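First the proteins, then the strands, lettered A, B, ... as listed; each starts at 1. The shown structure was predicted, so the numbers you read here are calculated from the model rather than taken from an experiment.
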There are 2 protein chains.
Amino acid sequence: MQGLTVYAPFLGILSLIIAFLIYNYVKKQPNGTPLMQELEDAIHKGAMAFLKREYSVLIIFIAIVFVLLGWGIAWKTAIAFVTGALLSMVAGFSGMTAATRGNSRTAEAANKSGQAKALNVSYFSGSVMGLAVAGLGLIGLGFWFWVYGGNPDTAQYINGFAMGASSIALFARVGGGIFTKAADVGADLVGKVEAGIPEDDPRNPGVIADNVGDNVGDIAGMGADIFESFVGSVIATIAIAATLTINTPETLAAFVKEFPVLEGLSVTAIKLKYMAMPILVIMVGLLSSFVGVFSIKIFQKGSPAGALRYTTFVAAIIFVGLTVLITKTLGMPMGAFWAVFSGLLCGIAIGLLAEYYTSGPPVKRIAEQTKTGAATVIIAGLAVGMQSTWLPILGICVATFVGYTTAGIYGIGLSAVGMLATVGATMTVDAYGPIADNAGGISEMAGLGSETRKITDSLDALGNTTAAIGKGFAIGSAALTALALFVAYTQAANLGQVLIDNPMVVIGMFIGGMVPMTCAALTMTSVGKAAFAIVEEIRRQFREIPGLLEGKEGVKPDSTTCVAIATNSALKEMVAPALVAVLTPVAVGFLLGKETLGGMLLGSVIMGAFLALFMANGGGAWDNAKKWIEEGNLGGKGSDNHKAAVVGDTVGDPFKDTSGPAMNILIKLMAVVSLVIAPILPAVGLFLR
Amino acid sequence: MQGLTVYAPFLGILSLIIAFLIYNYVKKQPNGTPLMQELEDAIHKGAMAFLKREYSVLIIFIAIVFVLLGWGIAWKTAIAFVTGALLSMVAGFSGMTAATRGNSRTAEAANKSGQAKALNVSYFSGSVMGLAVAGLGLIGLGFWFWVYGGNPDTAQYINGFAMGASSIALFARVGGGIFTKAADVGADLVGKVEAGIPEDDPRNPGVIADNVGDNVGDIAGMGADIFESFVGSVIATIAIAATLTINTPETLAAFVKEFPVLEGLSVTAIKLKYMAMPILVIMVGLLSSFVGVFSIKIFQKGSPAGALRYTTFVAAIIFVGLTVLITKTLGMPMGAFWAVFSGLLCGIAIGLLAEYYTSGPPVKRIAEQTKTGAATVIIAGLAVGMQSTWLPILGICVATFVGYTTAGIYGIGLSAVGMLATVGATMTVDAYGPIADNAGGISEMAGLGSETRKITDSLDALGNTTAAIGKGFAIGSAALTALALFVAYTQAANLGQVLIDNPMVVIGMFIGGMVPMTCAALTMTSVGKAAFAIVEEIRRQFREIPGLLEGKEGVKPDSTTCVAIATNSALKEMVAPALVAVLTPVAVGFLLGKETLGGMLLGSVIMGAFLALFMANGGGAWDNAKKWIEEGNLGGKGSDNHKAAVVGDTVGDPFKDTSGPAMNILIKLMAVVSLVIAPILPAVGLFLR
């Protein structure tokens, strides 16, 4: 059974082949009028221009870290790092390519063939990202597991792969997040507020940048985030398994007594079994995802919301069955299954909680506050965001608890793997959202009929819900993955004796809390700065291009410059938070020692998880409060209530799409950097000698 | 030398006598025109009515907890609890009485005798609170130390005193915080925004409630907060000293080797010395405060800002000298002095950082954002608040580090004591702020001349700065005290072997993070609800009382009803967060065990300290950005920029004066409750059996 892990890369390749075939199917769909094709082309080119610029910056970063890792840790780790980074980039590129091709085709499907076909096209466009993330993950993990996973002592080199994925994710999330919100806020401020033209109006030079932003932020950024969690959770679990402290006869006897199914096995045999388990879990997770993705063909005729939900349920149910099967066949304790199962349930629960807070009663509570003005809207949204943190965190606690009690600290890792194993299906739904959003934008810009708009609007609204669920899921999986990586770090660094009342650990926790706070502040400020640059450019174009604002025939805005400005700002602004995230664990580890670093990781996970939920849910709730008013409630569009709600929405934009998501990466990246440098950390920090 | 601790209660009584004499001096000052006397009376009566109602609720709470503690822990602890609660209430009452008498007298002094006299009157009015807090603290701590401090085994009963102080502080801070901001926001919303009448206009029925709020929130609430920190830090240090693990010959030998000055002493002798040190430190701290307070007579002729600063410097310098003296005379290791000194410096540094973030360049950055509207003002303020957290937290880390390296975990407690020892002088400056603020309000309502307004305005502006410094100091001291209490808890609960990678500890930390987040959300929502009730009442009066809004001669608003509504709302709304704070540690301790509780405390301290700084500094910065615009910058009052700044200010009100300060109490109260219940906690939580 363990031997099946060698097929992981092949299963990954199969996933990529399916993704490619789906991509061809999507590309074959009609993409509408010449104007729509032109818009699609502009968005596609803008997105690719951003990726190209971003990746050319990242290549330098990868090269520097490659040398540092090879020279400081091990060249094997360094090579794994490069592959993790490259595969993450490929995943981002594939997903974006399909997504930008899917936008106009979804709009055209809505125009010509109705809702079912439009849902089909947008869903399958998104599935390219889902299958690419899962497939590339399996290729990389499976390959490195095949190379280094046969021996507990060499397993540590695989950590580099997770670090590669993490590094790219940080840049993709932060850079993409700044880009998308700067373009969104900038285009809205000048277009809607100053010039008084509708959202997505083709006269607005910032609209293409806004649409590009949806792709680079919500598709490429989200994909890199989930790819990182996927890879990180598996690698953390492997690392925990490889360093299980059952090397003495006593600990081994106690271990076998707890899990009698392991009776008679050698230490190495147990470890290898434990190391193989997460690989097998994601393999059956991918198989289940295949079925889940194609089940859309059965469900697409019903309600779109139900259809999306059922595809993930199908994947989840098959996954549960197959996991029971592999747990038994592999001869693992059944606790391993329960750990996986708890993670799966926790992921679903956190997603549903996010949906409740961002579209349930709290949204109406915020909307009601518009009656007393913008200030009370802000207060209510902040309160909703804060209030929304405890239940999801409780979910993470329960998953941790169940994982731990059923399978020891190893169970914490497995729980994270269980949450992420069906990523092929869940990520597809995540990627669907921005595609539907952009399809709406294109049908607005192309002036398609009101029937078409109605379809794209309803798909777009559903996309907002799936986006909220996806964000909750991303945070939950990030927190659980970061915890698993933390546990792996404590094992790798041999932190057997670190007590919580050790003041250096407490200091570490405080330092850990600083990083998310500081990065949240930095990224929020960055969005403001970048948005301002775009505002200036749009104002300039309205002023200097004759006939543009009046909508004169044949006069077109210079969208490319707006995209370029957003790209430059995003790339410039992503450097500071990235450096803070990468350098803090290194500095703390070497200067204050590995115990303080352990405390720092915990502090960062706690602060990061709470801030991420606070910002994502608060931002989502403001957004939907505004939308609810726009549907005609409390005075509707243009009323004073609406204006107050817009203030909340604008504050929520960087909250939910830039700073909040950045937290996910931050906590994982810091943990994985710590895990990688664990073997070379000094016992006593240099500052304390 | 140790024997001097018996004089602590007498020194406390001396402090009360001085405070009483100062109160008589203040009361003898002329209190202006009949209208001013009437206003003073209304504010005084409103404040006392609130206190009376609040205390009558608290008596029930105290009775219940008394029985539970006596029955569950020890009657000795229960009695100490009651005294702690009662002394905290006396402190609040004394400070408020003096403050409400000082308001009109400060205004009259500004009117008749100029700035120096006005500063003198407001400062001395505030000193009643400062000396009462320090004096009552010394009386209680000194008395219980005399009863139980002669034996390390009975020292734990003193913990009840801290719990009493903490419980009252929570209600005072949360109830007072909700009252003050509900009244402030409510009065402003109807008065300034709807009716278009100036702030502090006597026609507004909410103005008296607003002024009462400044007293119950910023004087009584702040006083209870600082009283709690003062008492908590000393008791934590005594508890750490009493439970020092030097009970085996080996540990004792190692200890004496590290601190040779203790050579030849028995274990008990060392513990008694260590236990006496914090009492002696606060005794010399009070003596230094006497000098500091009266040094205002020398400095009051110069710049008011300098005068206030110099009084605290005088106290600090004398305190440092005397602490060296007692460290040497008592035969303590000099590390003890350095621990005290680090705390003192940390307190000053955190105060100055708070001043920087709430009146330095960040304020102008926020003000600049008014050009693009309210949303960007909010984003900028949130970013400033987040950015303002890391340096003060670093200060706490440094104080912890220095305390720990110079005097072990005991040093962490001493560091907190050092920060708070000169509370007589620092709390005086804190209490000065709201008195000067109210003096300004009274001179506005009484229509005093522009010369007088100029003086009271400048004293008021200075009061805002001291308030920001005071808030930073309160947070820093709360965090350090909570840490010391946490250390005392780990000792008392005998948590020798709790590892940070124990998942139950990690779960505890997550739960610990939930409490501040939830309470912040609850209190912010409460302010909104309470403010809305006041808004309705003011609107009703404007509608139903003929001639009120027009300012017809002899027509007066019904201020009493507004005060009563604010009181009722505040008392009702304070219950939920208080229960969360008290019950969470009990539930976690009994259900999940004392190790999880240890993790919970750490999680709460980290989350609470960051949130407190974020909210206090963000709120202060918004407030001052608005004031800066009101000074005539960027268009001045009434401009669109001003309107955007007002939104920030309104959001900042509950941030800085309700939810932020509530965090201070929360983290201390949870730690002290844990410390008190530590002896009866089960080794394994009931849920885990």
Side-chain angles (χ1 to χ4, degrees), chain A residues 189 369 372-376 378-380 382-384 386-387 389-390 393-394 396-397 400-401 404 409 412 483 486-487 490 495-501 503 505-507 509-511 513-514 517-518 520-521 524-525 527-528 532 535 598-599 602-603 606-607 609-610 614 646-647 650-651 654, chain B residues 189 369 372-376 378-380 382-384 386-387 389-390 393-394 396-397 400-401 404 409 412 483 486-487 490 495-501 503 505-507 509-511 513-514 517-518 520-521 524-525 527-528 532 535 598-599 602-603 606-607 609-610 614 646-647 650-651 654:
Chain A
L189 273 181
Q369 295 294 332
T372 36
T376 43
I378 299 293
I379 292 176
L382 292 171
V384 165
M386 288 178 170
Q387 218 147 16
T389 57
W390 79 272
I393 296 280
L394 193 67
I396 293 167
C397 289
T400 306
F401 179 77
Y404 176 58
I409 53 170
I412 299 175
L483 269 191
F486 161 75
V487 173
T490 60
L495 284 195
Q497 289 299 324
V498 183
L499 307 176
I500 58 164
D501 53 347
V505 173
V506 176
I507 289 174
M509 286 182 196
F510 273 117
I511 296 175
M514 290 176 196
M517 272 281 177
T518 305
M524 284 210 295
T525 313
V527 170
F532 194 69
V535 164
L602 269 187
I606 291 168
M607 184 60 71
F610 275 101
F614 162 52
V646 166
V647 173
T650 311
V651 174
Chain B
L189 273 182
Q369 294 295 332
T372 37
T376 42
I378 299 294
I379 293 175
L382 291 170
V384 165
M386 289 178 169
Q387 217 146 18
T389 57
W390 78 275
I393 295 282
L394 193 67
I396 293 167
C397 289
T400 306
F401 180 76
Y404 175 59
I409 53 168
I412 298 174
L483 268 191
F486 160 74
V487 173
T490 60
L495 284 194
Q497 287 300 323
V498 184
L499 308 176
I500 57 164
D501 53 349
V505 173
V506 175
I507 288 174
M509 286 181 195
F510 272 117
I511 297 175
M514 290 175 196
M517 271 283 176
T518 306
M524 282 209 295
T525 314
V527 170
F532 194 69
V535 164
L602 268 188
I606 291 169
M607 185 60 69
F610 275 100
F614 162 51
V646 167
V647 173
T650 311
V651 174

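The candidate with the highest count of non-hydrogen atom pairs below 4.5 Å against chain B, out of A:A383, A:P654, A:A609, is A:A383. The residue among B:T400, B:V535, B:T525 with the most heavy atom pairs within less than 4.5 Å of chain A is B:T400. When each of A:T376, A:V647, A:I507, A:T650 is checked for heavy-atom pairs under 4.5 Å with chain B, A:I507 comes out on top. Your options are A:T372, A:L394, A:L382, and the one with the most heavy-atom pairs under 4.5 Å with chain B is A:L382.
Of the atoms belonging to A:I393, heavy atoms from both backbone and side chain fall under 4.5 Å from chain B. Neither the backbone nor the side chain of B:A380 comes within less than 4.5 Å of any heavy atom of chain A. Only the side chain of A:T389 comes within contact range of chain B, judged by heavy atoms closer than 4.5 Å. Residue contact with chain A, scored on non-hydrogen atoms closer than 4.5 Å, involves the side chain of B:L483 exclusively.
Remark: B:F532 CZ is loosely packed, at most 12 non-hydrogen atoms of other residues, nucleotides or ligands lying under 6.0 Å away.
Residue A:A521 comes nearest to B:Q387 through the heavy atom pair CB-N, 3.8 Å, listed as atom of the first residue, atom of the second, then distance.
Judged as a ring pair (Phe, Tyr, Trp, His ring centres under 6.0 Å), and not counting sequence neighbours, the contacts of B:F614 are B:F655. With sequence neighbours left out, B:I409 forms a side chain to side chain contact (heavy atoms under 4.5 Å, CB included) with A:P503, B:I240, B:Y404, B:V487, B:Q491.
Counting only heavy atoms from C-beta outward, the side chains of A:M514 and B:F610 approach each other to under 4.5 Å. Residues B:I606 and A:I606 have side chains not in contact (no heavy-atom distance under 4.5 Å, counting atoms from C-beta outward).
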